[in-house]
Amino acid sequence: MTDHDAARVAEADAARAAEADAFAGVAALPGVDEAVADARKAVDRLLGHRILRRRSAEVSTESALRGARASAVLEGASVTLDELRGAVEGHASPIVQGSLRVSAELGSLAETWRKAPRQVLARLHVLAAADLVDEDVLGRPRSDEVSVSDPLELGPAPSAAEVSQRLDALCDLLVRPSKAPALVIAALVHGELLTLRPFGVADGVIARAAERLTFVARGLDPKSLTAPEVGHLELAADYPDALRAYASGTAEGMARWIRHCADATVAAARDSQAICEAYMRG
């Protein structure tokens with residue numbers, strides 16, 4: 001084999017590797033590594049809190065409630081934490097109830113998310129949209145005839161054909177091994193799902209739940225102690241613009257979106273740290 005042939009083989013192997021691990025390619029974008037390191041540091045600081053030795057389940061439960069409330073608000077609902085604590089079935093808006101159902105079931109979906117993400121996305125839609133759409137369309141990607149809700153004012157959603165193609169590609173990538181950090185994968189899952197809006201209703205709740213599931217499944221936050229939804233709500237002024245940057249498909253846009261998700265994770269870890277401190281004080 002000549003040097004030229006060897007170079008061509010090496011280039012082809014590199015191209016196949018890049019295609020197989022597209023997440024890792026995004027992780028190498030400028031500024032991403034530093035943002036991911038900051039988020040990882042914030043989560044690790046939280047995971048080292050001494051209250052978690054005996055009360056991690058309580059922190060996780062409180063984080064889940066705060067995450068459900070934040071996700072519902074980002075989807076257009078109006079509800080406070082105090083109202084949510086006292087809410088019973090039928091007393092809150094359908095999107096709030098859907099967000100609560102999603103939050104309650106997330107812990108049981110992490111293992112399936114690793115192996116069958118498409119199945120989990122269908123289940124999340126059933127949970128999130130049970131009171132919002134007809135039963136026969138629950139868990140099924142939308143057709144072009146379906147009106148797509150757009151609480152973040154992101155603009156027109158992709159066609160049903162594009163949704164099907166990109167959803168298949170995303171789920172295929174998710175079941176492959178990747179060297180990319182969990183936060184990068186979670187951010188890309190979140191951004192892709194909200195760009196596609198595959199179901200037409202409650203897509204934001206589903207996208208944010210998928211981000212949190214990826215944190216758990218990929219080992220960033222295995223006990224689901226942080227609520228990235230809370231971080232996105234805290235950074236709500238930047239959230240839609242960062243999503244539009246992702247949807248642009250440019251390297252700069254994707255890097256900006258991942259930095260936003262990293263900042264949201266830092267904010268979420270800080271919020272959970274405050275929960276731990278409150279439990280410490282009794």
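Small disclaimer: the values here were computed from a predicted structure and weren't measured.
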Peer 1: Got a sec, which pairs hit side-chain hydrogen bond (donor to acceptor under 3.5 Å, both in side chains) with one end in residues 65-78, sequence neighbours left out?
Peer 2: E62-R66, R66-D271, S71-R208, E75-R208

Peer 1: D150: what forms a side-chain contact (heavy atoms from CB on, under 4.5 Å) with it, not counting sequence neighbours?
Peer 2: L154, R197

Peer 1: Which residue pairs pass the side-chain hydrogen bond (donor to acceptor under 3.5 Å, both in side chains) test when at least one of the two sits in residues 116-126, sequence neighbours left out?
Peer 2: E105-R123, R118-D168

Peer 1: Is K115 salt-bridged to E111, cutoff N-O under 4.0 Å?
Peer 2: yes

Peer 1: Can you list everything that forms a side-chain contact (heavy atoms from CB on, under 4.5 Å) with P117? Sequence neighbours excluded, please.
Peer 2: W113, C171, L174, V175

Peer 1: Go through the structure and list residues passing salt bridge (charged side-chain N to carboxylate O under 4.0 Å, His left out) with D144, not counting sequence neighbours.
Peer 2: none

Peer 1: Considering only residues two or more places apart or on different chains, which pairs with a residue in residues 131-151 satisfy ring pair (Phe, Tyr, Trp, His ring centres under 6.0 Å)?
Peer 2: none

Peer 1: Walk me through whether R218 and I185 qualify under side chain to side chain contact (heavy atoms under 4.5 Å, CB included).
Peer 2: CA-CA 9 Å; R218 300 270 173 170; I185 298 173; 3.5 Å; yes

Peer 1: Which pairs with one or both residues in residues 48-79 pass ring pair (Phe, Tyr, Trp, His ring centres under 6.0 Å), sequence neighbours excluded?
Peer 2: none

Peer 1: Which distance, rounded to the nearest 0.5 Å, do you find between the CG of L213 and the CG of L106?
Peer 2: 4.5 Å

Peer 1: Using the test salt bridge (charged side-chain N to carboxylate O under 4.0 Å, His left out), find all partners of K179 that sit at least two apart in sequence or belong to another chain.
Peer 2: none

Peer 1: Taking the six-membered ring of F199 (Phe, Tyr or Trp), confirm whether the NZ or CZ of R142 is under 6.0 Å from its centre and within 45° of its axis.
Peer 2: no

Peer 1: Just to verify, what does E34 make a salt bridge (charged side-chain N to carboxylate O under 4.0 Å, His left out) with, not counting sequence neighbours?
Peer 2: none

Peer 1: Suppose the criterion is ring pair (Phe, Tyr, Trp, His ring centres under 6.0 Å): which pairs have a residue in residues 131-170, not counting sequence neighbours?
Peer 2: none

Peer 1: Is it the case that the side chain of S272 and the backbone of A269 share a donor-acceptor pair, with hydrogens and angles ignored and the cut-off at 3.5 Å?
Peer 2: no

Peer 1: Restricting to non-hydrogen atoms, name the atom on V216 and the atom on A110 that form the minimum distance, rounded to 0.1 Å.
Peer 2: CG1-CB, 3.9 Å

Peer 1: Could you name each residue pair satisfying ring pair (Phe, Tyr, Trp, His ring centres under 6.0 Å) that touches residues 136-168, not counting sequence neighbours?
Peer 2: none

Peer 1: Using the salt bridge (charged side-chain N to carboxylate O under 4.0 Å, His left out) rule, collect all pairs that involve residues 241-250, keeping only residues at least two apart or in two chains.
Peer 2: D241-R244

